[in-house]
Amino acid sequence: MSKCLLFQTVHSTPRIHPRTVASIFSKPRSISSVPKCYSPISPFHSVSLPTLKSHFHSPRFSLSSSFSTRAFDDSSSSADTQNEKEEKIVEKPVIEEYPSGELEYEKFSWWKSFFVKFKMLIALPWERVRKGSVLTMKLRGQISDQLKSRFSSGLSLPQICENLVKAAYDPRISGVYLHIEPLNCGWGKVEEIRRHILNFKKSGKFIIAYIPACAEKEFYLACACEEIYAPSSAYFSLYGLTVQASFLGGVFEKIGIEPQVQRIGKYKSAGDQLTRKSMSEENCEMLTALLDNIYGNWLDVVSSSKGKKREVVENFINEGVYQVEKLKEEGFITNIRYDDEVISMLKERLGVQKDKILHMVDYKKYSKVRKWTLGLTGGGDLIAVIRASGSISRVRSPLSTNSGIVAEQIIEKIRRVRESKKYKAAIIRIDSPGGDALASDIMWREIRLLAASKPVIASMSDVAASGGYYMAMAAQTIVAENLTLTGSIGVVTGKFNFGKLYEKIGFNKEVISRGRYAELLAAEQRPLRPDEAELFAKSAQNAYKQFRDKAASSRSMPVEKMEEVAQGRVWAGKDAASRGLVDAIGGLSRAIAIAKHKINIPQDKPVTLVEVSRPSPTLPEVLSGIGSSIVGVDRTLKELLQDLTFADGVQARMDGIMFQRLEGFPNATPVLSLIKDYLSSI
């Protein structure tokens, strides 16, 4: 099996796996005064906190994975003519004002209230909720951007947001009680949930937060609530954010592996991770800009929410915040109370007697309440929502538990929407670091065709980079959160030379070939010949130009200008917007507002969203769901099945700028992960 790799990731810090190593936005140091970039050794804590996984996930693969160097080559010999035709499919307006999509809460009229109460009387048993109930949701761990099937475990962002909308209008719900614990999601999802919390507050109902374990992300979300409570023993670690990059150059040198990398784009770092022993200036520049965006945004939002000056909040963080009493004294939390004390407080607030039970409805049960029951049905105009979340592949492995973005399935949905006259517009909701380049290109083409027949809006979640951005740029309008990771336009191609390693372990491989370049992918026991290296370089340059030129065409931007923002650089959403890669800042609600604007529907007129990508449970999901309910092996089963999945072809992937905390990874040593994965591949 060949050992040739083509990296189509365009950021500076790929995620931990055999090819590349993660850069982690973790904690415990603030970088506001750091004069230079460095690669600190992670201090692994002895206290085991809930493990926080990566900002996004990609399929596992070994060093022996085979990849073609033809990243974006057209199969047709008339590529230029085809590109010219594609360029004419969508014409972007030069300047356009977009509606904000902000929710305007309006109380129901007496007639509609009567009608809703009647619907509640005839509601299905599982939709019935006692009057005066409190909606409780435990926000912790991974939050998926996809809808969940009944067999799926975990939280779903669409259902969290929908529950908050329903609770605002539901006369049976008195308020919301959020348990916020360590989150395993990106800042884009946190922004979306926070926006819905603020919208819920417009209903006049209370919403309070309980935070037993809290760092920056959790506190950022809790600050949107009216009140914040924590137990006296709560884990608070508001220390600021750090960026960490790991490099394999020294490791490979010691074990006898020589990465031969062709690097295109000064911000490409996937190759750096394999060949360098320290961070490049360009890598440092990009990571610093991303970190400044996140940290600055956090300070601005927290200071605004708490009515404090930005400098006061930053100084407070720099003191090292861990004492709950100090947080209360400084007004960062409302009070110190245990969960049962908060519930007793709510009973008193709602007039419930001490010896009576406070009626509460949890996330799972309330998710079963239909919008129809609450009179929140949309209008006659239909807008399709196609959700694309996870790593991109052309086909799905039969045993894969990770739904991911399977090109042939997404294309089927896109064509169904394009061929149907009932859909007035479409929203492509993307949460992906990329993946298979060919699959990304094929979906790009289908989205372009869809955009030629009706308005298409791309809505970015945590990340829409590399292959994820490839999909988004086919839409007429792109909407991203302030801290969405996007861009990542570039390639790195290379090959591993295992010659010295094979000598050390006594392994031999001989190849008989015909054809000048036949051994290009097969002969990993020797370095590239000069003519082979030249072919690699030309192929990578061609792949990069096609990616960049399609991006320029899709964004109606001169190639020269696109080159300035490409070169493998990852951008935060607001920086991408200022450079023409993104059109508007906001979440799904703003994408809906823009879609209504495009089809000339008044903003106050309701529309019906049709989830085209509504999930159907797979066998692994059913098995993992049963395992979870019986012996709690859901996560183990999923990971075991995930190891059996495969990914082939060129990868247009941003391999993982991750926003994590070091104490969440007591055993996450990059070198050990590398050795483990490598040994499993030989």
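Fair warning: this is a prediction, and the values are worked out from it, not measured in the lab. Each residue takes its place number in the sequence, starting with 1.
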query: Considering all heavy atoms of both residues, which atom of A475 and which atom of I447 are nearest to each other, and what is their separation?
result: N-CG2, 4.1 Å

query: Would a 4.5 Å heavy-atom cut-off, applied to side chains only, mark S144 and L155 as touching?
result: no

statement: In terms of heavy-atom contacts, G132 and S174 come closest through CA-OG, 3.2 Å

- prompt: Can you list the steps and then say if Q603 with H597 is a side chain to side chain contact (heavy atoms under 4.5 Å, CB included)?
  reply: CA-CA 7 Å; Q603 291 299 312; H597 172 71; 4.0 Å; yes

message: Checking side-chain polar atoms at under 3.5 Å, does S232 have a donor or acceptor matched by the opposite partner on Y338?
response: yes

message: Please determine whether a side-chain nitrogen of the Lys or Arg among E481 and R195 lies less than 4.0 Å from a carboxylate oxygen of the Asp or Glu.
response: yes

message: Is there a side chain to side chain contact (heavy atoms under 4.5 Å, CB included) between I197 and I207? Walk through the geometry before answering.
response: CA-CA 8 Å; I197 291 174; I207 180 166; 3.7 Å; yes

query: Would you call the rings of H179 and Y210 parallel, tilted or perpendicular, where under 30° means parallel and over 60° means perpendicular?
result: tilted

- prompt: Do you know which two heavy atoms are closest between I160 and Y363, and how far apart they sit?
  reply: CG1-CE1, 3.8 Å

- prompt: Does the Q476 side chain pair with the main chain of A451, one donor and one acceptor, at a distance under 3.5 Å?
  reply: yes

query: Does the distance from a Lys or Arg side-chain N to an Asp or Glu carboxylate O, for K138 and E181, drop under 4.0 Å?
result: no

message: Can you classify the ring geometry of W187 versus Y220 as parallel (below 30°), tilted (30 to 60°) or perpendicular (above 60°)?
response: perpendicular

task: Run the numbers on R370 and E127 for salt bridge (Lys or Arg N to Asp or Glu O under 4.0 Å), then give the verdict.
output: CA-CA 7 Å; R370 295 170 296 169; E127 292 187 86; 2.9 Å; yes

query: Quick one: CD1 on I357 to CZ on R130, what's the gap to the nearest 0.5 Å?
result: 9.0 Å

E218 side, atom CD; Y235 side, atom OH - distance, nearest 0.5 Å: 14.5 Å

statement: All heavy atoms of A230 vs all of I333, minimum pair found to be CB-CD1, 4.4 Å

Minimum heavy-atom distance I143-L157, with the two atoms named: CG2-N, 3.7 Å

message: Can you see whether D300 engages Y295 through a side-chain donor-acceptor pair at a distance of less than 3.5 angstrom?
response: no

message: Using a 3.5 Å distance criterion without hydrogens, assess whether the side chain of T373 forms a donor-acceptor pair with backbone atoms of V369.
response: no

- request: Please name all residues satisfying side chain to side chain contact (heavy atoms under 4.5 Å, CB included) with E348, sequence neighbours left out, ordered by chain then number.
  value: none

message: I'd like to know whether V612 forms a side chain to side chain contact (heavy atoms under 4.5 Å, CB included) with V385, so could you lay out the CA-CA distance, the side-chain angles of the two residues, the decisive distance to 0.1 Å, and finally the verdict.
response: CA-CA 6 Å; V612 181; V385 178; over 6 Å; no

E191/K217 salt bridge by N-O under 4.0 Å criterion: no

- prompt: Would you say K347's side chain and K354's backbone share a donor-acceptor pair under 3.5 angstrom?
  reply: yes

task: Would you indicate whether K117, at its atom NZ, is surrounded by more than 12 heavy atoms from other residues, nucleotides or ligands within a distance under 6.0 Å?
output: no

query: Quick one: does R590's side chain have a donor or acceptor within less than 3.5 Å of a partner on Y98's backbone?
result: yes

message: Using a 3.5 Å distance criterion without hydrogens, assess whether the side chain of T608 forms a donor-acceptor pair with backbone atoms of G379.
response: yes

message: Could you tell me if K371 sits above the aromatic ring of Y169, with its cationic atom closer than 6.0 Å to the ring centre and no more than 45 degrees from the axis?
response: no

task: Calculate, to the nearest 0.5 Å, the distance between atoms CZ and CG belonging to R387 and L588 respectively.
output: 6.0 Å

field: Euclidean distance, M137 CE relative to I193 CD1, rounded to 0.5 Å
entry: 8.0 Å

query: Counting N and O atoms only, with roles assigned by atom type, does the side chain of K328 sit under 3.5 Å from a partner on the main chain of I336, one being a donor and the other an acceptor?
result: no

- request: Answer yes when K605 and D381 have at least one side-chain N-carboxylate O distance shorter than 4.0 Å, and no when they do not.
  value: yes

task: Would you sort out whether R172 and D170 count as a salt bridge (Lys or Arg N to Asp or Glu O under 4.0 Å), showing the intermediate values?
output: CA-CA 5 Å; R172 304 168 298 181; D170 193 337; 3.0 Å; yes

message: Show, in sequence, the C-alpha distance, side-chain angles and deciding distance for D462 and T484, and conclude whether the side chain to side chain donor-acceptor pair (under 3.5 Å) test is met.
response: CA-CA 5 Å; D462 285 338; T484 295; over 6 Å; no

- prompt: So, does K306 use its side chain to make a donor-acceptor pair with the main chain of V301 at under 3.5 Å?
  reply: no

message: Out of the candidates I386, V456, I428, only one should pair with V417 under the side-chain contact (heavy atoms from CB on, under 4.5 Å) rule; please name it.
response: I386

query: Can R194 and S305 be counted as having a side-chain donor-acceptor contact under 3.5 angstrom?
result: yes

field: Polar side-chain atom of K422 near backbone of I383 as donor-acceptor pair, under 3.5 Å
entry: no

field: Spacing of CZ belonging to R418 relative to CG belonging to L450, to within rounding of 0.5 Å
entry: 7.5 Å

task: Any chance you could lay out the side chain to side chain contact (heavy atoms under 4.5 Å, CB included) test for Q146 and D431, step after step, and finish with the verdict?
output: CA-CA 9 Å; Q146 293 277 29; D431 186 24; over 6 Å; no

task: Kindly indicate whether a cation-pi arrangement holds for K365 with W126, taking the cut-offs as under 6.0 Å to the six-membered ring centre and within 45° of the axis.
output: no

message: Ring of Y366, cation from K166 - is the NZ or CZ under 6.0 Å from the centre and inside 45° of the axis?
response: yes

- request: Answer with yes or no whether the side chains of S461 and D145 bring together a donor and an acceptor at under 3.5 Å.
  value: yes

Distance in Å, C223 SG paired with I228 CD1, rounded so as to fall on 0.5 Å steps: 4.5 Å

- prompt: Do T486 side-chain atoms and A464 backbone N/O form a donor-acceptor pair below 3.5 Å?
  reply: yes

Neighbour count >12 (heavy atoms, 6.0 Å) for atom NZ, K424: no

task: Grab the two heavy atoms, one from F200 and one from L164, that are nearest each other, plus how far apart they are.
output: CD1-O, 3.4 Å

